[in-house]
Structure formats: C-alpha cells, structure tokens
Amino acid sequence: MISAKSRNTPFGPKHKHLSNLLLLSFKNTHKMARSALDEMSESGAFLRTPSTFRNIISRDPEATFPAEAARYHLYVSYACPWASRCLAYLKIKGLDKAITFTSVKPIWERTKDSDEHMGWVFPTSDTEEPDAGPDPLNGAKSIRELYELASTNYSGKYTVPVLWDKKLKTILSNESEEIIRMFNTEFKDIAENATLDLYPPHLQAQISEVNDWIYDGINNGVYKCGFAKKQGPYNEAVEKLYDALDKCEEILSTQRYLCGNALTEADIRLFVTLIRFDEVYAVHFKCNKKLLREYPKLFNYTKDIFQIPGVSTTVKMEHIKKHYYGSHPSINPFGIVPLGPNIDYSLPHDRETLAECK
C-alpha cells in the first residue's frame, strides 16, 4: 500500500528535489491553465510537478473508494507513457472488463475558447480518430473539463491518466504510480489474473530502488532532455539518461527482468519509455547518442515485454508519433512526423533462455 505520508501530500519523497525556484516560477501563473511545456526553471531545466488527486481504492467494502467492478473508468492517451502503464496493468491483470477506459485524441488542441491552453481533447465521434472515443460518462470535450467537474478551484495541469469514480462523479486519482499499485493489490477478488503480483512484498525494496533511478534517469530523463531550453541542463540530462540505460543493459545481460526472473512493476514502468525511444525520443527529444536498437539486451527485453499477452494492444504507435511530433510546436514547429523506423517488436527475442539457466 501507499504510505500515509505519500497519500496526504502531493509532495512525496520523490519530489523533494523540487526547488523553491520552481515554486516561485509558478507564483504568478499557478491559476492559469498550463501543460508540461510550462514547467521550466530559470536555469532552462524541465522540472515536473507532482500529481494532485491522490485518493486510494481499498478492498474494504466500507471504504470511501471500495474495489468494485464497473465503478471506475480510466481516461488515457495511448501517446502518454504514464497513462499507458496504467492501461498495461488493466490488460495484464485482467481488469479491462471490470474497469472501462477511453482514450483521447493524440494531438493537443484548444481546450477552451476563453484561453490559449492546449491539451487532451476527446473526438466528437467514434469514427473521428482511430482508437479514441468521446467521453461516455460526462460528455466532456476535454480532460480539462473532467478536472473542472471534479474541483471548481483546481489549478494545475490537466494530465492523463485520470481514474474516475462513476458513483461519486469525481477524479479518484491522476497519479499513475498509485493507480497501478491499486490495480495490482486491491482488485484481487475481481481481476481475472489475480495471482499475478507485480509488487510482491519480498521484492518491494528492490523494485522501489530500481524505480527511483529509472524514473530520474530514463522515464523523466527523456523529458528533461527534450524540454530543456539551455545546453547545460540538456547535457546533464543526456549523460544521466545514458548512464541509466547502460546500467539496464548490464543488469539484463544476466537476468530476464530488472529485479530477477519474474516480471514486476519496474519492468512495466521502464517498458513504456523504451517502446517510444527510437520512434520518438531519439529524434524529437534529441536522445540520439545511442539508439535502443544498439543495446542488444535492452532491445530484446523490450520485445519480450511487448509480447506479454495484452501489452501490444496498449501500444498505438500512430498515436504516439502524432502526439509528440504534433503537440510541441516549440520543438517541432511544422509538426512533421518522421516516417520511420517502424520497428517490429513481435520478432523473436530469446529472453526466456535467461530464466531457464537459473
């Protein structure tokens, strides 16, 4: 379970690095609609702010948010890695019949006529955008509208994932780390694959340690490279990124997964970044020092995770490429989408031989 300390404040242990400078930079703009592109320090470095909706689902039927089938709805973007790891959990755990989901359109659009904010919007029909659909619950035109329905005084980013409570008609959580752990543990009586534990007690300390350096260096690291506005912060982020990738390659040379020979939360969290690496981050975020395909172990590992039943359905590369290349005009002003490399992750990987040797 998530600790009380992490639940009660959006500034959990992982966010202690947020400096006063970042908070001051939002002093005059915190009431304005903004996106991740606005999260910059004066040094030109990208600094991600924490999520704000942090309610917890419990197996206790008397809880405010009990684990009930058909009560919750997950709003995602197939383009977003944070949302995609939640969707991967729905598939892997066999919760996709108990928890419905909807994907927004991949390219950011105006969310209101009253300001210039660009963000996630829903298509107007099921046929407007493949694999995306209108909001089936509230008729919202954008993810921003969901936040405003949940809180009239909300000020911050309008991010996905959004886990919506149909009964109380509010956002339960927009923190992907906590959502996937709730999916893992609190729906054991509902999940079709209930015996699969991606955060087992005996590995939790190791998983958390791995998550920390992968988040800092890789998951968030690619964004620190791509959104940097000065050379110094970019250089620092790139070096940390490739140090972390090299470390992953070394670990995966002797074991099938990051924490041994069993799939864990750490693998899903890393996968969603790796699957986007050569197609997007290498070009759009200038992470081109070395491609994923140049890491033999990491490349095969990515194919291994992709081929887990259900995971491939969460990877919509057209959405991924449309979003990144089409939603960041300060990085790609003409919105041109590269044609390649169109990697086939369904090819053989031979990763299972590592488990057999143990």
Side-chain angles (χ1 to χ4, degrees), residues 13-14 17 48 81-82 84-85 88 92 176-177 180 196-226 228 233-283 285-308 311-312 315 341 343-358:
K14 288 188 180 179
H17 67 281
R48 188 183 299 276
W82 320 103
S84 293
R85 66 191 189 185
I92 294 171
S176 64
E177 178 179 64
I180 62 176
L196 176 64
D197 188 353
L198 297 171
Y199 192 58
H202 71 286
L203 289 177
Q204 287 180 5
Q206 183 181 0
I207 291 170
S208 295
E209 180 185 356
V210 170
N211 284 346
D212 284 346
W213 59 263
I214 284 181
Y215 169 81
D216 187 42
I218 301 176
N219 298 141
N220 199 41
V222 293
Y223 285 88
K224 288 189 285 187
C225 295
Y234 166 77
N235 289 348
E236 181 180 347
V238 166
E239 290 304 315
K240 183 175 287 188
L241 166 65
Y242 282 95
D243 285 345
L245 289 172
D246 290 344
K247 185 174 181 178
C248 288
E249 180 77 359
E250 182 180 358
I251 291 171
L252 295 170
S253 67
T254 59
Q255 59 193 44
R256 187 170 183 179
Y257 302 113
L258 287 170
C259 296
N261 288 304
L263 182 75
T264 70
E265 171 188 301
D267 299 297
I268 304 304
R269 290 169 56 125
L270 176 59
F271 168 79
V272 294
T273 299
L274 297 182
I275 198 70
R276 291 160 171 77
F277 201 89
D278 286 7
E279 297 280 2
V280 172
Y281 301 143
V283 177
F285 282 175
K286 305 176 185 68
C287 303
N288 64 344
K289 186 177 178 182
K290 193 173 181 180
L291 298 175
L292 176 66
R293 286 166 289 168
E294 296 177 81
Y295 286 99
K297 307 303 181 184
L298 266 176
F299 185 43
N300 278 330
Y301 164 84
T302 304
K303 291 186 284 185
D304 190 5
I305 307 297
F306 178 83
Q307 293 172 33
I308 294 170
V311 172
S312 64
V315 180
I343 301 165
D344 186 356
Y345 288 98
S346 66
L347 294 173
H349 54 75
D350 294 329
R351 295 290 299 171
E352 63 274 3
T353 58
L354 285 171
E356 292 170 358
C357 293
K358 297 295 181 181

Other residues, nucleotides, ligands: >12 heavy atoms within 6.0 Å of E249 CD:
yes
Under 4.5 Å between any side-chain heavy atoms of V315 and F271, yes or no?
yes
As an exercise, state the distance from NZ of K240 to CG of N220, rounded to the nearest 0.5 Å.
10.0 Å
Judged by atom type as modelled, is there a donor-acceptor pair below 3.5 Å linking the side chain of R256 to the main-chain atoms of L252?
no
Nearest 0.5 Å, what's the OG-CG distance between S253 and L298?
10.0 Å
Straight-line distance of I275 CD1 to S312 OG, nearest 0.5 Å:
9.5 Å
If every non-hydrogen atom of N288 is compared with every non-hydrogen atom of A282, which pair is closest and at what distance?
CB-O, 3.4 Å
Minimal non-hydrogen separation, C259 against A266, with atom names
SG-CB, 4.3 Å
Restricting to ring-ring contact (aromatic ring centres under 6.0 Å, His included), what partner residues turn up for F285, sequence neighbours left out?
Y223, F227, Y281, Y324
Considering only heavy atoms from C-beta outward, does the side chain of I180 approach that of Y199 to under 4.5 Å?
no
Indicate yes or no: at least one non-hydrogen side-chain atom of C225 is less than 4.5 angstrom from one of K286.
no
Kindly say whether A205 contributes a backbone atom to a donor-acceptor pair with the side chain of S208 at under 3.5 angstrom?
no
Closest contact, heavy atoms only, I207 versus P200:
CD1-CD, 4.0 Å
Do C248 and L270 have side-chain heavy atoms sitting under 4.5 Å apart?
yes
Using only atom types and a distance under 3.5 Å, with no angle test, would you say the side chain of Y242 pairs donor to acceptor with the backbone of K289?
yes
What is the distance from atom NE2 of H349 to atom CZ of F306, rounded to the nearest 0.5 Å?
11.0 Å
If you define the side chain from C-beta out and look only at heavy atoms, does anything of N219 sit under 4.5 Å from P81?
no
Hey, are E265 and R269 close enough for a salt bridge, meaning a charged N less than 4.0 Å from a carboxylate O?
yes
Taking the side chain as every heavy atom from C-beta outward, state whether L258 and I214 have any pair of such atoms under 4.5 Å apart.
yes
Value rounded to 0.5 Å, distance of CH2 in W82 from CD in E177:
10.0 Å
Any pair counted as side chain to side chain donor-acceptor pair (under 3.5 Å), so long as it reaches residues 293-303, sequence neighbours left out
D246-Y295, D267-Y301, D278-R293, N300-K303
By salt bridge (Lys or Arg N to Asp or Glu O under 4.0 Å) - contacts of E279 (at least two apart):
K321
Locate the shortest heavy-atom distance separating L274 from Y345; write the atom from each residue and the value.
O-OH, 4.3 Å
Residue pair F299 / F277, side-chain heavy-atom distance below 4.5 Å
no
Can you tell me how far the CG atom of L245 sits from the CD1 atom of I218, to the nearest 0.5 Å?
4.5 Å
Minimum side-chain heavy-atom gap L263-I305 below 4.5 Å
yes
Do any N or O atoms from the side chain of Q255 and from the backbone of L354 form a donor-acceptor pair under 3.5 angstrom?
no
